[in-house]
Each structure stands twice: as structure tokens, then as C-alpha cells.
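Working notes for the structure below.
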Amino acid sequence: MKEFIKNNKITYNLMSFTAFKSLLIFSLLLESPQSYDDIIEYFASHDFIKEKISIDTIRVYLNSLKRAGCQITKTKRAEGGKFILISHPFVLDISEEQTKTITKLCKTLSKTLEIQDLILLEKFLRKISSNIKNNSFKTAIEKISVLSGLEIELLENLLNCCLNKQQIILKYNSPRSGYTDLEIICDKLGFENNKLYIYGTSLDYNQSCYLLVNRIVDIKEIKSEKSQNLNIEEVTIRYTLKSDKQELQLKENEKIINIEQNKILIEAKSSNKFALKQRILSHGNLCTVIEPEDFRQEIISTLKRMRAEY
Amino acid sequence: MKKMCEKYNEACIKIFKMLSLLSQGPTKYEDIINIFNSEDKNAKAAAPVILNKYLNTLKIFGINITKQKNIYYLQNSFFSLSLDSNEIKALQLLKGSREILTTKKQKEHFDKFINNIEMRLNSVSKDILSNTIQDNNEQINEYFSKYGDLISECEKYCYENQKLEVSFTQNQKEYKLICNPREISYINQKAYLSVFNHISRQVFNVPLDKIISIKQMPLISKGQEIAVTVVYKIRNNLAKAYRLKEWESSDGKFDEEGWLTIINNNEDFDRLTKRLMRYDYNCKVVSPKSFKERMKTTIDETLKNYE
């Protein structure tokens, strides 16, 4: 290792051994806490160094590392008298401007990405946050994340169940009845008004359902087989909507039957009448239910009850 | 006083100073050489040789530094980050969405962030990265390449905070709005210009793809933007399960009839109307009178559809 370059006047070492040794001590401390004896032994058995280093010299190196921006503490003698590297200048440091840019980008992505990709991104950002020395990045990301506060592992499991259309039993914190076990056949995860829901078929109510993911405590059981012969009654409705076709955002259970000028005839199928009703009401005066008659009457009576509240 | 506390190695300080600079991103030769320069003329002349010595030290230690056009780039770091294939996929997804950023500065900050991470990847993660194809997020990029200029134009308006005259279409009708720009918001994969209208004291979210023109006026609005506060009540399961929006508040107390009062600020009235309609007779607007009338009219007109 000891090579030299020569010019006419001065001879320089090709490398700085002192700097090299300080790098070695630093990397040793990065791995784990070290005592004087550990460091002495390491230097003595090092392939290139192979030298005995004194405690005083180690002290000088440690002082130098502290001056270079490392925070080092020492455990009590009874605990082995080991040096611990608390922090150092090379950890990931994200500036305020970078944080602003990334949060802006993620805010946009959270409204545009599919749930699978959102989970990937959330997991990645949480990992990066945990490796950053200041907390501002973590706080900023948590503030804008649509998955903030949700357990990633649970989300991944729910997503898998949806992809495989599995039948599961969930522990759910219901606002009405407290902790309840619910059995559903999973369909998909999706957002509605910035809240994440799991959509599926409820075996307790024999209809399609959607549950707020942040109320799901746990997946208690994943059934190996799905129940057969489910007696699920599906409602098909038809309604007209006064809208520009380009502005129309159809749900997965909806399809366009006819377009006449600005009136679009839409057919929607669902076993969840409540969800259908909510959808119709949200369209307000732009929407009229055509059929079936009983559903039409239900909407009219709901509207009358709404009006009566005023 | 501890005797040895005062003693330190100059070589150690220098190499860490150098690494610290390089860790912050690409570093100019002048900044690096300054570490090794001193007042002494002879030492100044030797600085490039000393720099080489330190570069060799790092290389032998396993830290690679490349130099291009007088700029040094740190290729790997002490602090190694281990990312699995899914995390690398997320990194690529992020890289593929760079076009969403509209200004040069934002793109620079983004590149620095990515560089900060990639530089710290361990060798296994680097291998995965080189074998993973960048997800170009085509659908999003297509939208942003179409509306990117308009988004940055609107961001500029928001920053300058001058009054705007925005013309836009909605349900095939044309509207004009004198307003104050607030921010760009994203709803259902679309960008909106969020504005405040002083006359109606309402917030409007104008879809960017429906904007016909924007005229910037020389006036800067200094008046306070106090939006109309909508107070509404909800009951039954809806009230039990309701989660307040960021812009809402409630004392959480149910009245004798089981109603919970919600105070709402800053929500686009069109969106709020749609939302409250969904809550059917489990919701009623208390104030202001104008919004209460609007709800009543919406219900009446919807009922008329069935006559």
C-alpha cells in the first residue's frame, strides 16, 4: 500500500493514512458501539494497517470525529465502556425546498395514482422519512398523505384480498355497534371524498357494501373458499342525467344506455340500494330516476322528507 | 479539564469536511480545493497534490468520486440505504412523475432529492434500480404536458395575488368570475384553480380544462377573504360516523333531537350542495339564509323532475 510519487523536491504519500484510519474508526462506529479494546483489536488484525494503536491515539481520533460533526457518547464502564455514534453529518438531509417540492408532487400523485401505487409510494416515503435526521419531512408528508395513520401491512393484506376476491372476516370498529366481526367478499379498495374504503359483498347483509378502511382493526380470517349460492338481490335502475358527456364520471357499476342532446340515460346495478340512493341524490336536480317505479317512489319520498326538514 | 480533549487530527477534519460537502450534492473544484488551501504559498501550490492524496484515500476505502467539468460527484456514501424492489419501483414512479412539477426550480429541487437518495443506495439496491424500468406514468404525464403551462400560469397568478377575471364553461354555459386566486387543487385526477369571489364570499374550484381565458387585473386585493360560513346539522348514523373535513369544526355535542352541528368554511358551494344532498333527510342547513335557500331550491327542482 505504501506507494510514493516523486517529483524533484517533495515526496508525497499516495494516500493519507491518518485520514484512512479516521474513516475506519468512523465506519466501525457506524456498524455498532465499540470499546477501546474493540478498536485496538480491529487495527491490529486489519489486513493493511496491522498496527498497535494506543488509547490516547484513539481518543484523538474520536475528538477529531466530534469536531467533524459526529455526536459520540460512551456507555458506563459496567456496560462495557463502548462508544456510540449518535449522529453524523452524512445522514440523509432533505432541505426545506426539497420537502416542499416532494410534498407538492405527492399531493398531486395522491389524487391521480391507483391505490397499489399509492401504497408503494407511501411505504417508500415512510422509509425515507425514517432515515432523515430532521422531522420536518416526515411531518410534511404525513400532513398531505391520504394514507396517513393507516397501517401499511393491513392495507397490503386488504389489497391482496381484493386482488384475489377473497372472503374474509374483519374486525371492524362500527360507529353504531362498536367492535364487530364482519364477513365480506373483497372487491376493491378506492377513495370517496378523500377517504379510503374497501368495497365488496357483505355476507351479513347479503348486499354490496363499502367499509371505511380506517375503522378496520384487523383481518381475523381469510377463508380458503368462498361461500356458494349467495342470495344477493341486485337492483337495476335507470336514470337520466343532464350533463356534458365529457364531464360525466361514471362509476364502475354504471353504463350509458343512450345520449340525447344533453340528457344521458344511465343504467346502474347494485345490491346496495343505499349507495344507489346516495348517488342519485348527489346529482341533485340534474337527475331523474326513470325505473324501477318503487325506487323512483323511494327517491321522491326521500326528497319530500328532506324538504319537510325546512 | 481533560488533557486530550484539545488534541485532534487535521487530516480527519479535512476528509470529513470534504465528504460532508460532497454529500450535499455536486461540488465545484474550487470549493473542494479551498479545504486544502492555506495562507502559506508553498502549501497552496501543494493543495492539488494533497487533494489527490485524499481522493485516493477515499477510493481505497471504497468511496467513489467522479469528476466532470470541474465538478465532483459522490457516487456512494457511508450512509447506505437499502431499498427493496417495491421501494425502488416507488422511486422510479416518483422519477417518472417529474413532469408534474411546473417550474425549473422545483425540478432542480426534485433532482437533488433523487440524487440524495440514489447516491446513498447500497450496491444491491443500485443493481435493482438499474434493472427496473422507469414508470413514466403516461396518463398523468399526458395530462400535465397538456395543462402544465396553464398550471404554472395559474401558480404564478396565485403567487402574485392580483385579482383575476376568469371565464370558464360549466354544463355548456359560460361564466365569468372576478376573483382572487388561492391555490391549485386536485380533485379526482384533475387540476382546479381555487378562487375566492368577494361578492358572494364563496370559494370556487374552477376546472383547469374548462377555463376559456384568464385576465389578470392590476389590483392586489388587500381585503380579508372571509368566506361565508355554512352551518348544517346531521343526525343518526351519519352523525355518529361523521369525520370532520379539514375546513370544518364541531363542538361534538348532540342536541335534544339528536342533531350534531357542523361549521363549514371554504368549501366550494357546488361540491358542498352535492355532498349534503347525499346525506338526505339526515342533514339540514341552518345558515346562511342564501345557502339554505339554495338547498331548498335544489330539492324543489329535483322534485319537479318527478311531476
Side-chain angles (χ1 to χ4, degrees), chain A residues 12-16 18-20 22-23 26-27 30 56 59-61 63-65 67-69 89-92 94 97-98 101-102 104-105 107-109 111-112 117 120-121 123-124 127-128 131 175-176 193 243-244 249 262 278 281-282 284-285 288 296 300 302-307 309-310, chain B residues 4-5 7-9 11-17 19-20 23 49 53-54 56-57 60-61 77-79 81 86-87 89-91 93-94 97 100-101 106 109-110 112-113 116-117 120 140 171-172 186-189 237 240-241 273-274 277-278 280-281 284 296 298-303 305-306:
Chain A
Y12 290 100
N13 252 341
L14 248 186
M15 64 178 281
S16 162
T18 314
F20 187 75
S22 62
L23 290 172
F26 178 74
S27 66
L30 258 185
D56 281 352
R59 236 181 244 145
V60 175
Y61 278 116
N63 282 342
S64 309
L65 288 177
R67 275 202 178 222
F90 309 108
V91 284
L92 196 54
I94 306 296
E97 288 83 7
Q98 287 175 41
T101 304
I102 299 302
K104 180 195 153 81
L105 182 64
K107 206 174 169 183
T108 310
L109 285 175
K111 310 278 178 186
T112 51
D117 289 337
L120 277 185
L121 192 62
K123 226 177 147 185
F124 168 75
K127 181 153 190 178
I128 297 297
N131 280 289
R176 203 184 332 177
N193 288 320
S243 170
D244 190 342
Q249 284 185 327
N262 269 345
Q278 280 204 322
L281 290 171
S282 72
N285 56 4
T288 314
R296 193 179 142 94
I300 295 171
T302 303
L303 284 164
K304 282 181 178 167
R305 273 189 76 177
M306 284 166 77
R307 187 64 180 86
E309 290 298 337
Y310 295 95
Chain B
M4 295 306 287
C5 273
K7 278 197 172 180
Y8 65 92
N9 275 322
C12 173
I13 305 288
K14 278 180 181 165
I15 205 149
F16 275 84
K17 218 174 188 180
L19 270 173
S20 188
S23 294
V49 184
K53 197 168 140 175
Y54 279 81
N56 282 340
T57 308
I60 290 165
F61 191 77
S77 170
F78 271 124
F79 180 75
L81 203 57
N86 278 334
E87 287 156 350
K89 214 174 150 189
L91 177 67
L93 180 82
L94 211 55
S97 310
I100 290 175
L101 299 167
Q106 285 171 347
H109 293 314
F110 176 79
K112 266 193 180 172
F113 172 80
N116 253 336
I117 291 169
R120 286 171 170 82
I140 298 171
N171 292 323
Q172 294 186 330
Y186 295 90
I187 305 160
N188 290 333
Q189 309 194 343
N237 287 333
K240 283 182 202 162
T273 311
K274 278 187 172 189
M277 283 294 286
R278 259 183 43 210
D280 62 45
Y281 46 79
K284 76 172 174 190
K296 280 192 305 201
T298 308
I299 300 166
D300 287 341
E301 284 177 358
T302 315
L303 270 169
N305 290 346
Y306 296 93

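Values below: every heavy atom of this structure, side chains too, minus hydrogens, waters and symmetry copies. Numbers restart at 1 for each chain; the letters A, B, ... are given by sequence-line order, proteins then strands.
Once rounded to the nearest 0.5 Å, the distance linking CG of B/Leu101 with CG of A/Leu105 reads 5.0 Å. Note that CG of B/Asn305 and CD1 of A/Ile300 are 10.0 Å apart. Values are rounded to the nearest 0.5 Å. For the atom pair NZ of A/Lys304 and CD1 of B/Ile299, the computed distance is 13.5 Å after rounding to the nearest 0.5 Å. To the nearest 0.5 Å, atoms OG1 (A/Thr18) and CD1 (B/Ile15) are separated by 10.0 Å. Rounded to the nearest 0.5 Å, atoms NZ (B/Lys7) and CG (A/Asp56) are 8.0 Å apart. Note that OG1 of A/Thr101 and NE2 of B/His109 are 5.0 Å apart. Values are rounded to the nearest 0.5 Å.
Of all heavy-atom pairs spanning A/Leu109 and B/Ser97, the tightest one is CD2-OG, 3.4 Å. Taking both residues in full, the closest heavy atoms of A/Gly284 and B/Thr298 are given as CA-CG2, 4.2 Å, listed atom of the first, atom of the second, then distance. Here the closest non-hydrogen pair linking B/Tyr281 and A/Met306 is N-CG, 3.5 Å. Across every non-hydrogen atom of B/Lys284 and A/Glu309, the tightest pair is CD-O, 3.6 Å. For the pair A/Leu23 and B/Phe61, the tightest heavy-atom approach, listed with the atom from each and the gap, is O-CZ, 3.5 Å. When all heavy atoms of A/Ser64 and B/Ile13 are compared, the pair lying nearest together is O-CD1, 3.4 Å.
At a 4.5 Å heavy-atom cutoff, the contact between B/Tyr54 and chain A is made by side-chain atoms alone. Interface residue A/Ile102: only side-chain heavy atoms are found under 4.5 Å from chain B. For chain A, the nearby parts of B/Leu91 are the backbone and the side chain; heavy atoms of each come within less than 4.5 Å. Heavy atoms closer than 4.5 Å to chain A are found in both the backbone and the side chain of B/Thr302. Both the backbone and the side chain of A/Leu303 come within contact range of chain B, judged by heavy atoms closer than 4.5 Å.
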- [ ] Check step by step if side chain to side chain contact (heavy atoms under 4.5 Å, CB included) holds for B/Leu94 and A/Phe124.
- [x] CA-CA 10 Å; B/Leu94 211 55; A/Phe124 168 75; 3.9 Å; yes
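Side-chain contact between B/Ile117 and A/Ile128: present, with at least one pair of heavy atoms (C-beta onward) separated by less than 4.5 Å.
In this structure, B/Lys14 places its NZ atom where more than 12 heavy-atom neighbours from other residues, nucleotides or ligands lie under 6.0 Å away. Within a 6.0 Å radius of NZ in B/Lys296, more than 12 heavy atoms belonging to other residues, nucleotides or ligands are found.
The choice from A/Arg296, A/Lys127, A/Lys123 that makes the most heavy-atom pairs within less than 4.5 Å of chain B is A/Lys127. For chain A, the option among B/Lys240, B/Gln106, B/Lys112 with the highest count of heavy-atom pairs below 4.5 Å is B/Gln106. Top candidate by heavy-atom pairs under 4.5 Å with chain A, chosen from B/Glu301, B/Arg120, B/Lys274, is B/Arg120.
Evaluation of the ring pair (Phe, Tyr, Trp, His ring centres under 6.0 Å) rule for A/Phe90 yields A/Phe26, A/His88, B/Phe16, B/Phe78 as partners, not counting sequence neighbours. Evaluation of the side chain to side chain contact (heavy atoms under 4.5 Å, CB included) rule for A/Ser282 yields B/Arg278 as partners, not counting sequence neighbours.
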